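I have placed the structure first, in the form of structure tokens, so that the comments after it can refer back to it.
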Amino acid sequence: MSSNTTQHILKIETFACAWCGLTVSARAADNTPRNHCPSCLHSRHVLDHVEGGPSQCHGRMTPIAIAVLRTGDWMVVHRCVRCDELTSNPICADDNQLILMRMAVRPLAQPPFPLEAFGTL
């Protein structure tokens with residue numbers, strides 16, 4: 001191959017889901033980076049969000065909640081099962097919508113107080 005020839009190599013980065021084992025593309029359908037499984041929303045603790053840089057933990061990150069930013073963007077909140085670090089990451093367009101909605105309505109469906117208290121107000 002001559003030095004003037006440009007070699008185009010398609011590199012597809014994937015990872016195996018730490019929870020369900022699905023092989024996941026590191027890019028979503030709209031080409032945005034992804035760090036969690038679109039099927040079960042679990043992730044792996046590979047970045048240290050407190051110190052910055054790579055994490056030595058590599059524990060499984062469990063999705064525990066949804067946070068909605070002022071912009072209206074949804075974030076998945078994860079907790080590491082090994083070190084308890086919390087992180088948040090943007091949802092992707094092809095994430096499991098049923099699981100996202102279940103997490104979003106959980107605080108309303110399971111409040112920390114009895115719903116019967118509203119009947120006396």
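Any value given below was found using the heavy atoms of this structure, including those in side chains, with hydrogens, waters and symmetry copies removed. Since this is a predicted model, take the numbers as computed values, not measurements.
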Arg27 CZ to Thr14 OG1 distance, which is reported to the nearest 0.5 Å: 13.5 Å

Side-chain touch Leu100/Val76, heavy atoms, less than 4.5 angstrom: yes

Test item: Leu41 and Asp95 side chains (from C-beta on) under 4.5 Å apart, heavy atoms: yes

Side chain to side chain donor-acceptor pair (under 3.5 Å) partners of residues 65-75, not counting sequence neighbours, each pair once: Thr71-Asp73

Heavy-atom pair with the smallest gap, counting every atom of Gly59 and Arg82: N-NH1, 4.0 Å

Residue pair Pro90 / His36: nearest heavy atoms and the distance that separates them: O-CE1, 3.4 Å

Verify same cluster id: Met61, Leu86 (apolar side-chain graph, 4.5 Å): no

For Cys92 against Pro33, the heavy-atom pair lying closest together: SG-O, 4.3 Å

Student check: side-chain heavy atoms of Met75 and Leu69 closer than 4.5 Å: yes

Ring geometry between His42 and Trp19 (parallel below 30°, tilted from 30 to 60°, perpendicular above 60°): parallel

Those residues that, when tested against Arg60, pass salt bridge (charged side-chain N to carboxylate O under 4.0 Å, His left out) (two or more places apart): none

Considering all heavy atoms, the nearest Val77-Ala67 contact: CG2-CB, 4.0 Å

In one Ile/Leu/Val/Met/Phe/Trp/Tyr side-chain cluster, 4.5 Å: Ile64, Met103: no

Val46 side chain near Ser55 side chain, heavy-atom distance below 4.5 Å: no

His78 and Asn89, any side-chain heavy atoms less than 4.5 Å apart: yes

Within-4.5 Å side-chain heavy-atom neighbours: Cys80 and Cys57: yes

Distance, nearest 0.5 Å, that separates CE of Met101 from CG of Asn96: 12.0 Å

Non-hydrogen side-chain atoms of Ser25 and Glu13 separated by less than 4.5 Å: no

Side chain proximity check, His58 to Arg44, heavy atoms < 4.5 angstrom: yes

Rounded distance (nearest 0.5 Å) linking atom CG of Asp94 with atom OG1 of Thr32: 8.0 Å

Qualifying residue for side chain to side chain contact (heavy atoms under 4.5 Å, CB included) with Cys40, from Cys37, Pro38, Ser43: Cys37

Least distance between heavy atoms, Leu108 atom then Pro111 atom: O-CD, 3.6 Å

